Amino acid sequence: MKKSSWLPLLMFLAGSSPGQPSTFDLDVVVSAGSPLDWLADIPRPVPTFDRTAAKESDRATRVEEPPHIRARDIFSFARITTIDLIGEIPWTVIRPQTKHAVGAYPPAVTDDVLWLALAVFLRKLLHPVQVNDLEAFEYLTYLGEPALAAAGMATSETGLRETIRALKKAVSPLPPWPPEVEAGESPLESMMLRLTVEDLVVAHPFSFDQKFAGRISLLGDEPIPYVIRASRSPHSFLRRNAAVMLGRYQDARCLERLRELLREETDPCVLARVVEALARRRDTASAGIFKGRLRGAQDRSFAASLIRGLGLLGDRTAVPAIIAVCEGVPRDFDIQVTGLTALARIAPPPSPDVERFLKRVGLRVPEDPTPRYAPVTPDAANSRETLIGQLIHLVKAAQGDSPSQVALLLSVHKARKDLAEQAAAGRRLYRGMLARFNPQVVYALLEILARFAKGVEILHDIASDPREDVVVRVHALIEFAKADSAERTERVRQLARLGEDPPVAETAFRLLCSYQPKLAGEAARELLAEYRPDMPAAQKSVLLLSMKHLSRRKEIQTEELIALAEGEMIHQEIDRARGKPPKNDSGNGMSPKFEFNSPVPLLEQIAIEIGRDAGPAGLEALTEILNCRASRARGEAAIGLGMLRDSKAWPALVAALDDEDSWVRLMAYRALKYSTGRDHPADWLYGTRESRAAAVEEYRKWLK
C-alpha cells in the first residue's frame with residue numbers, strides 16, 4: 001500500500017523525516033518481566049462446567065483463574081504511549097484490509113492479537129537493552145500465525161529483518177484449507193468432534209473476544225479426548241491451537257499428552273506453547289524432559305524457553321545443565337540473562353560452581369546496542385552491565401545472602417525516597433518503585449522479595465500504589481498473599497473494592513475467597529451494593545465473582561438475583577437499540593482506536609445462580625430469559641431451568657429443542673437429561689431438523 005502524499009510534509013512539520021521519526025511522543029513502554037513472562041498476562045478462558053452442567057458435582061472449575069489484565073483499548077494493554085503512530089512509523093497502522101466472514105476459515109487476525117506481536121517489534125527498536133532478543137523471538141513463535149502478519153508489516157525496518165526471516169522459517173503460514181473432521185461412532189460423538197475442531201480454528205488463540213475455544217471451554221472436561229485427537233492432526237493450525245487448549249486443563253490426560261508433545265514434536269510453535277503450558281502448571285514431572293531437550297537444543301530461543309521453564313519449575317537438579325549451556329555460549333548475552341533469572345527463581349544452595357559462574361558472567365558483558373529510535377522517556381537501568389549486576393544480586397539474595405538482600409532493599413527504599421521527593425516537588429512523572437530495575441528482572445524480584453519479611457512489606461506497598469503499573473501491582477499482590485503475614489488478610493481485604501483498578505480488586509477478591517471465605521462474603525455484599533447496569537465490564541467481572549461467592553455460601557436471595565438479571569436485560573436492550581458502532585469507511589486502511597471488549601458473562605452466571613433456588617419466581621425469570629431472542633444467556637437459562645427439577649419448566653425446555661439457536665438446543669437437551677433422567681440423543685448442533693425429529697418427538701410424547 002502506498003504511503004499518503006501528505007505524510008512527508010507532516011513529518012517535516014513535526015521535525016522529522018520518514019527515515020527518522022521525531023521523539024516528541026514516540027514510545028512503547030516495556031512491560032514488567034521478560035518477554036516470556038508477558039505470556040502470563042494474556043487473557044485466556046478457563047475450562048469449566050459451571051454454566052453448562054446442572055449437577056453440583058460437575059460444577060467445579062477445573063483450572064485456576066489466571067490474572068486477567070483488562071484495559072480499555074489495545075494501546076493500553078500493549079503499553080503504547082504514542083498517540084499518533086501514523087505520523088511516526090507508518091507501517092504500524094497501515095496494512096491490507098481483508099474481509100473475513102464471522103466463523104469462516106481462515107480466521108481474521110484481529111487488532112488485539114496483532115498488537116501483541118507488533119508491540120514486541122517496536123520494543124526491540126526502541127528499548128533493545130530491556131528486551132531479551134531470544135525470549136522475544138520465542139514469544140513471537142508462541143503467538144504463531146498473527147506474528148507473521150505483524151512481521152509482514154515491519155519488513156521495511158532493517159533492524160528487524162533477521163528476526164523476521166527466522167520467524168518465517170519457524171512458523172509456517174496458515175494452511176489454505178480447513179482441517180478435516182472425523183466421523184464419530186454416534187451422532188453425539190460426531191457432534192463433539194466437529195465442535196472441537198471448529199472451536200479450535202474459529203479464531204486465533206489469545207484474542208480478547210474469547211471466541212477461540214469459547215464453547216468447548218464451557219463443557220468442562222468432556223472435550224478433552226477430542227482435543228487430544230486434534231493435537232495429533234497434520235493440520236498445523238489445528239495442532240498448534242490444540243496445544244494451547246491442552247494447557248488450559250489441569251487434567252492428568254492433558255499433562256501426559258503435553259509431555260509427549262515435548263518429547264516428540266518438532267514444530268517450534270507447538271513446542272513454545274507446550275513449554276509455556278507445562279511451566280505455568282509447575283509440572284515437576286516434566287522436568288526430566290526439559291533437561292533432556294535442553295541438552296540437545298540447537299535453537300537458541302528454544303533453549304532460552306527451556307531454561308526459563310526449568311526456573312519456574314524450581315528444579316535444583318537442573319542447575320548444572322543451565323550453567324553448562326550458559327558457559328557453552330559465553331558471549332551470548334541473552335542466554336546469560338535467561339540463565340541468571342532461572343537461577344534466581346530456583347535459588348540453588350551456595351556452591352563453588354555457582355559462585356564461579358556468577359563471577360565469570362559479570363566479567364564478559366558486551367556493549368549496549370544502539371536503539372533504532374530514541375523514545376521520549378529514557379530507559380532506567382538501561383545498560384547491560386547494570387542488568388547483569390542486578391541479576392547476580394538477585395541470585396545471591398535468593399540464596400539467602402544477607403548483604404545482597406540488604407542491597408536489594410536499599411535499592412527499592414531509595415527509589416521510594418526519590419519518588420517522595422518528586423511528589424513534594426510537584427512533578428507529574430511517576431515510574432514506580434521498581435523504576436531503578438531493568439524490566440526483565442521485575443517478576444523474579446517480586447518472587448524473591450516474598451521470601452523475607454521486609455520484602456513482604458515492599459510487596460504490599462507496590463500492590464497498594466495506584467500509580468504503579470497495574471500488571472506489577474497484580475503480581476506483587478499475588479506474591480504478598482503467599483507470605484504468612486499477620487496483617488495479610490486485612491490488607492488484601494482493603495484492595496478488594498471497586499475503587500481499585502479492577503484487575504487488582506479481582507485478584508484481591510479471589511485471594512480473599514481462598515483463605516477467608518467468610519470475610520470475602522462481607523466484601524462481596526459491599527461490592528454488589530455498587531452494581532449499576534452501565535458500569536464498565538472490568539468492574540462487572542469483580543461483581544460476577546462476588547455473586548458466585550455469595551451464592552455458594554447461600555447468602556444471596558433469588559429476588560436479589562432477579563433484580564440483577566432485570567438490570568442486565570435492560571442494559572442489553574439499550575445496547576441493541578443503539579445498534580453497532582459506526583464503521584470506519586475512510587478506505588485508507590487505518591484504524592485509529594483499536595478498541596476491544598473482553599466479554600463478562602454476568603447475566604449468564606445470574607441465570608445459573610437463579611437455578612440453584614427452586615421457586616416460582618426463579619422459574620418465571622428463567623423462562624423469560626430463555627424466550628428472549630436477544631438475550632445472550634438463553635443457554636444458561638435452559639440449564640437453570642433444568643436445575644430447578646420442576647415439571648413446570650419442562651414444556652419450555654422441550655420447546656427449546658427445536659430452537660433456531662443450536663447452542664440453546666444443546667443446553668435444553670442437557671437440562672432435560674438431568675432433570676428428567678430421560679436421554680434421547682441427537683446431533684443438536686449440526687444435525688438437520690429431520691435428523692433431530694425422532695429425539696424431539698420422544699420428549700414430546702413423554703411430556704404429554
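Computed from a predicted structure; not experimentally measured.
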Exercise. Kindly say whether Trp684 contributes a backbone atom to a donor-acceptor pair with the side chain of Arg665 at under 3.5 angstrom?
Key: yes
Quiz item: Under 3.5 Å, is there a donor-acceptor pair between the Thr52 and Arg215 side chains?
Solution: no
Exercise. Determine, for Glu222 against Arg670, whether the closest basic-nitrogen to carboxylate-oxygen distance falls under 4.0 angstrom.
Key: yes
Quiz item: Which heavy atom of Ala565 sits nearest a heavy atom of Ile610, and at what distance?
Solution: CB-CD1, 4.4 Å
Quiz item: Using a distance-only test with no angle check, is there a side-chain donor-acceptor pair under 3.5 angstrom linking Arg257 and Ser231?
Solution: yes
Quiz item: Are Arg232 and Glu260 close enough that some pair of their side-chain heavy atoms sits under 4.5 Å apart?
Solution: yes
Quiz prompt | Note, Met535 side chain near Leu543 side chain (heavy atom, < 4.5 Å) | solution = yes
Quiz item: For the atom pair CG (Leu666) and CE (Met192), what is the distance rounded to the nearest 0.5 Å?
Solution: 8.5 Å
Quiz item: Of all residues at least two apart in sequence or in a different chain, which pass the ring-ring contact (aromatic ring centres under 6.0 Å, His included) check with Tyr226?
Solution: none
Quiz item: Do Arg273 side-chain atoms and Leu143 backbone N/O form a donor-acceptor pair below 3.5 Å?
Solution: yes
Practice problem: Please report the closest heavy-atom contact between Leu200 and Ala230, naming both atoms and the distance. | Solution: CD1-CB, 3.9 Å
Exercise. Measure across Glu276 and Leu36 and return the closest heavy-atom pair with its distance rounded to 0.1 Å.
Key: OE1-O, 4.3 Å
Quiz item: Which is it for Glu256 and Arg259 under the side chain to side chain contact (heavy atoms under 4.5 Å, CB included) test, yes or no, and what are the steps along the way?
Solution: CA-CA 5 Å; Glu256 182 54 41; Arg259 296 181 201 123; 3.0 Å; yes
Self-check item: Where Arg240 and Ser172 come nearest, the two heavy atoms and their spacing
Solution: NH2-OG, 2.7 Å
Quiz item: Hey, are Arg165 and Glu162 close enough for a salt bridge, meaning a charged N less than 4.0 Å from a carboxylate O?
Solution: yes
Self-check item: Inter-residue atom distance Leu602.CG - Ile606.CD1, 0.5 Å rounding
Solution: 4.0 Å
Self-check item: Heavy-atom closest contact (Gly640 atom, Leu622 atom, distance)
Solution: C-CD1, 3.6 Å
Practice problem: Check the pair Glu145, Val109 against side chain to side chain contact (heavy atoms under 4.5 Å, CB included), reporting the backbone distance first and the verdict last. | Solution: CA-CA 8 Å; Glu145 295 84 357; Val109 178; over 6 Å; no
Practice problem: Find out whether Asp283 and Leu258 are in side-chain contact, i.e. whether some heavy atom of one side chain is under 4.5 Å from a heavy atom of the other. | Solution: no
Quiz item: Would you call Lys548 and Glu609 a salt bridge, using N to O less than 4.0 angstrom?
Solution: no
Quiz item: Should His235 and Val197 be marked as a side chain to side chain contact (heavy atoms under 4.5 Å, CB included) after you check the CA-CA gap, both sets of side-chain angles, and the distance that decides it?
Solution: CA-CA 11 Å; His235 193 279; Val197 170; over 6 Å; no
Quiz item: Would a distance-only check, ignoring hydrogens and angles, find a side-chain to backbone donor-acceptor pair under 3.5 Å from Arg280 to Gly247?
Solution: yes
Quiz item: Can you name the side-chain contact (heavy atoms from CB on, under 4.5 Å) partners of Pro35, sequence neighbours left out?
Solution: Trp38, Val131, Asn132, Glu135, Ala136, Tyr139
Self-check item: Glu185, CD: over 12 other non-hydrogen atoms inside 6.0 angstrom
Solution: no
Practice problem: Could you check if a side-chain atom of Asp658 sits within less than 4.5 angstrom of a side-chain atom of Arg692, using non-hydrogen atoms only? | Solution: yes
Practice problem: Could you please spell out the steps behind the side chain to side chain contact (heavy atoms under 4.5 Å, CB included) verdict for Phe208 and Asp111? | Solution: CA-CA 10 Å; Phe208 297 176; Asp111 283 329; over 6 Å; no
Quiz prompt | Backbone of His680 reached by a side-chain donor or acceptor of Tyr699 within 3.5 Å | solution = yes
Quiz prompt | Whether Phe237 and His204 hold their rings parallel, tilted or perpendicular, with breakpoints at 30° and 60° | solution = perpendicular
Exercise. Please identify each residue that fulfils side chain to side chain donor-acceptor pair (under 3.5 Å) with Asp37, with sequence neighbours left out.
Key: Ser34, Arg308, Arg345
Self-check item: Flag side-chain contact, heavy atom, 4.5 Å: Lys168 against Ile164
Solution: yes
Quiz item: Would you call Lys169 and Asp299 a salt bridge, taking side-chain N to carboxylate O under 4.0 Å as the test?
Solution: no
Practice problem: Measure across Met667 and Leu219 and return the closest heavy-atom pair with its distance rounded to 0.1 Å. | Solution: CE-CD2, 4.4 Å
Exercise. State plainly whether the residues Asp659 and Arg634 are in salt-bridge range, i.e. N to O under 4.0 Å.
Key: yes
